[in-house]
Engineer: 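Okay, here's the structure, questions in a sec.
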Amino acid sequence: MDPRIGVYICHCGLNIAQTVDVKKVGEYVKNLKNVVVVRDYPYMCSDPGQELIKNDIKEYSLTNVIVAACSPTMHEQTFRRACSTAGLNPYLMQMVNIREHCSWVTDDVEKATEKAKLLISAAVNRVVYHEPLEKLQIPIEQSALIIGGGIAGIEAALKIANSGKKVYLVEKSPSIGGRMAQLEKTFPTLDCASCILTPKMVEVASNPNIILLTYSEVKEVSGFPGNYTVKIVKKPRYIDENKCIGCGICATKCPVKVPDEFNLGLDYRKAVYIPFPQAVPRKYTIDREHCLFFTKGVCRVCERFCPSKAVNFEQQPEEIVIKVGVVILATGYDIFDPSVIKSYGYGRYKNVYTGLEVERILSASGPTKGKPVLRDGRVPKTIAIVHCVGSRDERYNSYCSKICCMYAMKLAHLLKERIPDSTIYEFYIDIRAAGKGYEEFYRRVQEEGVIFIRGKVSEIYEKEDGKLLVTFEDTLLGVVQTIEVDMVILATGIVPRSDAKDLVRKFGICSSADGFFMEKHPKLAPVSTVNRGVFIAGACQGPKDIPESVAQAAAAASEAMVLLSQSTLEVEPIIAEVQQEKCSGCRICVSVCPYGATIYDSEKNATRVEKALCQGCGTCVAACPSGARVMKQNGFTDRQILAELEGILIPLKPRIKIEVTSTG
Amino acid sequence: MSEVITLRLLEDSSIHTAIKKCIQCGTCSASCPLSHYMDYTPRKIVNMLRNGMYNEVLKSKTIWLCSTCYLCAVRCPAKINLGEFMISLRRHALSNGYNNAQEYLKLIKTYAEFIEKYGRISEAMLMINYSLKTNPVKAIKMIPFALNLMKNGLLSLRVEKVNDFQVVKTKT
Amino acid sequence: MGMNNSIGYYPGCSCSKNGLAKYYGESTVKILEHLGLKVSEIEDWNCCGSSLYRVIDEKKAYLLAGRNLVLAKKKSVEKIVVPCPACCISLTKTLQKIREDKELEKKFVEVYNTGKEDLSRIVVKHVVDFILNDVGLDKIEENVKNKFEDLKVGVYYGCQITRPYASFDDPEFPSSLERILSTTGVATIESAMKTKCCGGLLMLTNEEEVLKIIEKIMNSYIDRGAQCIVTACPLCHLNLELAKNILMKKYDVRYDIPILYFTQILGLSLGLESRDLGVSREDFEKISRKIVLTARR
């Protein structure tokens, strides 16, 4: 039977029709070989549009369908489904992108129309060589891996675990809690951060579906969506987690003081420690870098006093290999290092702080037990808060860090509350207070007497007595002024984690220009990534406050559960195939495959393609010295590609001299 | 102000960039060692241009008070080189006959004469010529300093002439 | 160093033999020669145009500055050492502009028969950058003969040496000069004003305002016990000298401290004669008590 092709040209409203003359294209296509029906329609993807195709398949007994519309990443699935319902194998359909490739890239109607004709002509030539293909079904591992134990990771873990699936929650520090655990109160409601966070942390610890791996990091990832194998390294705590009862006698007895990371170096912890009182798990950790036994071979006081004999200096890093179906990255953010802005003197001037440092100072479990005092013990009476430090600044980060305006105002409120006779200035460029109750909070803080000055601080100068001179232009007055303050707080922005690139590589996802993880679609797939089985939640995707992070975590959990709720995962059949009997066993394909999908079988002295692993990139097929005789890329066979080329080149023949010889 | 002048002004790349990119944060003004003596802060100058106040800008003292120390330029969060911006504004003021910065214009004129004649300048001669043109009394006050220079062998009144210096006659 | 032939020297008007900073130029050349680096002055160089000529005619200003680059290129010079920060900016800016501005490049080809490809290999370096990063501290330390004992030196960079194009040091808090001077044994005095502008050419047009600024700058060093101030810029030096004379009349001898070029201190330390370095007898007397002879290792 001769091929019978139906061609469907979409207007995409005006997106295509404005620049591509669809009627002319239709006239041209009508006369091409094997084309039996041509239609154009304002929205091919709409129900009536799809109905057209379905009816024609039956009425004209179509053997192939061509849809000339948008990018296949948008609607290939839509049209495949339409064909499928009408009884046509979906892989006998081909999409031609006349929007992104024609109408959107030029205003020249003639040229865009011409190109659309050629691309469709190429597809007409190609589809006759299409073969019916079937999707593969691959079983899904019924568990999730969540990386990062901050509020986003915790939320996602609880959601998935509560749906009855197994969750591995990996956190690199000794306790979960993340940045939120470091905060005093949360804007705009002023809930105590620990009070609302710790119940969730405890829930994580007690949920039987959650396997909590703290002080652990992901070392290697292999596999594919639905079936990942992940190697995790659990760093030695030198304390047996099963024996430690969290009594803290070890820390009381430990003679070594170390700057406390959780309190940002504002005070000291011991060499054996828990990061903060509400830590989960409440298991102590020996800091190898500072412990006297590890540095000098002496002491062992903790070991002597531990009532449960939990100290074990012999502990080794432990490698754990797990299998999971989906992954959620919730790795959070780093704080911008303001010491690079030399004119602000952070790191040189003792009374210049970051916002997060002040959170710790104001926290009841912080270095001053919540008393708002400076490093020298004085209570600051005049305080300058500088917005946009490291954000909205093309020298460092162009983006707005989004949370700083709000946390800066929250800090102003808390300081004003605790030091009622203080004068507090907020130096801002624009106040970003978009969110439920945020603008109201801004009004409230202003009414409380905090002084808002529109102007960025240009420099800070430390006087001999430790007071700080802050110079700025009040841009609403157009006057340059210098004021003396006791304390400066830099509302530092947030930046991607220093190891973000490493995770991008390990999990085969992308990052955007600013370094944060990239979502699959900024509007419609905000927690998905280019890797079908990997989702992202929280500030690792971009600056975000707590409510947004929690919402994203729930979204990522639900996306993950959509996958986990299926027993198998459909995989595209557009993959490589080997004719084993003709394979010479040279293994070049094995060396070039980026996914480890080409596997050499020594018994047969031939390669085979592991269907679940193959991503259809075609590298092996191109590398095979025997070419099409042995290897074939379904959906992109040599014959199909060459026919496609001919379809473009032959109509141009009068203008271009070409020789095409088909080999495949 | 004529449209042609306005257009030329706005097409000047350093002016154009500032108008396009400035976020009006005032870092430049607050970094400027001379902003206290200016009639408008540098940030305001950019905003005035945005609002079409070309005449006021070219008449301002501000544009002549910039010492091109570039502190604003290295601190600007929009990476605007405001030093270059000020030089450009001076050029437009000069070429359009705004002569409210007499002293500076005389300095430029003296300077240009040297360049055109010799290809090099002599600072000593430049200072003397300039002082005589602007403030002869001050020129006399400078005598002790000049004597001191002379004592240290620094007061050369010679200028070496550059050979082959056709560039200065080039039409641009 | 194997690249001696390709190092050009551009004195600029101030540091040339008829300029007010001729001793800066001379001491620069002397110490480089002493350290075994032959630099050859770009023959028939002309004024860089500074920021002034750009006010008159922008394109011609680039052609003016560019003429020096073309002359350097003809002698196959790849690195130009410049003592004056303003000249450095003019030359660097011109190189940058030729790269970006096609029309200007066309003009260069028309006037000099030289395009951006020809000039692209030229690097313009301030002498501080050159001494620290090309000559290197090791080389200097090997050659130091005299160490200053407890001479308190205020290190004043001025503005343009690290701004806006230079990348060899922090634009606001540089440390190159301190590192170079550390080899001479002096105690350097830190000041928050060290890269604040001296007022530059505005000294001529707006003396009153500029004097206030320089007074602040000098105070910041003298308050901290500086016994002399070193600069690396001819204009900073001149302005500080001018201001010093006025301030001494207005106040007292507090401002009577030597204003030197860093190359003069370095030269003395390398054992060069004060006469050859252009250090005046008065100034030499004020600092020479602090010099001790270091026995060669």
Side-chain angles (χ1 to χ4, degrees), chain A residues 336 338 340-346 384-401 404-405 425-432 452-461 468-485 488 490-493, chain B residues 13-14 16-53 56-57 59-63 65-86 89:
Chain A
F336 171 76
V340 301
I341 307 179
K342 297 271 172 52
S343 50
Y344 286 171
Y346 177 80
I385 305 180
V386 184
H387 289 224
C388 298
V389 177
S391 315
R392 306 181 67 200
D393 187 329
E394 288 183 25
R395 296 171 303 164
Y396 311 108
N397 300 299
S398 307
Y399 54 83
C400 166
S401 288
C404 329
C405 277
Y425 302 92
E426 297 261 2
F427 292 98
Y428 68 98
I429 312 175
D430 301 286
I431 293 285
R432 304 270 159 100
F452 286 81
I453 296 178
R454 194 197 173 282
K456 192 165 165 129
V457 167
S458 75
E459 63 184 46
I460 297 164
Y461 177 75
L468 300 160
L469 297 175
V470 174
T471 304
F472 58 92
E473 179 185 15
D474 183 326
T475 60
L476 300 179
L477 286 176
V479 175
V480 174
Q481 286 174 297
T482 298
I483 56 167
E484 190 183 286
V485 297
V488 170
L490 304 177
T492 40
Chain B
S13 78
S14 60
H16 181 69
T17 310
I19 293 176
K20 236 179 15 184
K21 299 185 75 178
C22 176
I23 57 168
Q24 291 286 306
C25 69
T27 302
C28 49
S29 312
S31 300
C32 181
L34 287 136
S35 61
H36 286 288
Y37 309 108
M38 292 172 171
D39 40 5
Y40 310 101
T41 59
R43 172 199 59 82
K44 227 173 178 178
I45 292 282
V46 179
N47 212 20
M48 285 162 77
L49 290 175
R50 279 181 174 167
N51 286 290
M53 298 164 73
E56 288 81 350
V57 166
K59 262 190 346 204
S60 72
K61 274 201 269 180
T62 298
I63 61 173
L65 270 168
C66 169
S67 67
T68 58
C69 78
Y70 298 106
L71 190 54
C72 51
V74 298
R75 285 181 181 172
C76 177
K79 283 192 174 169
I80 299 166
N81 189 332
L82 223 56
E84 295 301 318
F85 166 85
M86 291 293 180
L89 285 176

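Naming convention: chains lettered A, B, ... in sequence-line order (proteins, then strands); numbering from 1 in each chain.
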Engineer: What's the separation between atom CZ in Arg454(A) and atom CD in Gln24(B), rounded to the nearest 0.5 Å?
Structural biologist: 6.5 Å
Engineer: Checking Arg395(A) side chain against Lys79(B) main chain: does a donor-acceptor pair fall under 3.5 Å?
Structural biologist: no
Engineer: Would you name the heavy atoms of Ser458(A) and Ser31(B) that are closest together and state the gap between them?
Structural biologist: CB-OG, 3.4 Å
Engineer: Taking Ile341(A)'s backbone N and O only, do any of them form a donor-acceptor pair with Arg75(B)'s side chain (distance below 3.5 Å, no angle check)?
Structural biologist: no
Engineer: Can you tell me how far NZ of Lys456(A) sits from SG of Cys28(B), rounded to the nearest 0.5 angstrom?
Structural biologist: 12.0 Å
Engineer: On a heavy-atom basis, which atom in Val480(A) and which in Ser29(B) lie closest, and how many Å separate them?
Structural biologist: CG2-O, 3.5 Å
Engineer: Say whether Thr41(B) and Glu473(A), considering side chains only, have a donor N or O and an acceptor N or O under 3.5 Å apart.
Structural biologist: yes
Engineer: So, taking the atom named CD in Gln481(A) and the one named NE2 in His36(B), what distance separates them when rounded to the nearest 0.5 Å?
Structural biologist: 9.0 Å
Engineer: Name the region of Thr27(B), side chain, backbone, both or neither, that has any atom closer than 4.5 Å to a heavy atom of chain A.
Structural biologist: both
Engineer: Given a strict heavy-atom distance threshold of 4.5 Å, which part of Ile453(A) is in contact with chain B: side chain, backbone, both, or neither?
Structural biologist: neither
Engineer: About how many Å separate CZ of Arg392(A) and SG of Cys25(B), when rounded to the nearest 0.5 Å?
Structural biologist: 9.0 Å
Engineer: Heavy-atom distance under 4.5 Å to chain A: side chain of Cys76(B), backbone, both or neither?
Structural biologist: backbone
Engineer: First locate atom CG of Asp393(A), then atom CD1 of Ile23(B), and finally report the distance between them rounded to the nearest 0.5 Å.
Structural biologist: 7.5 Å
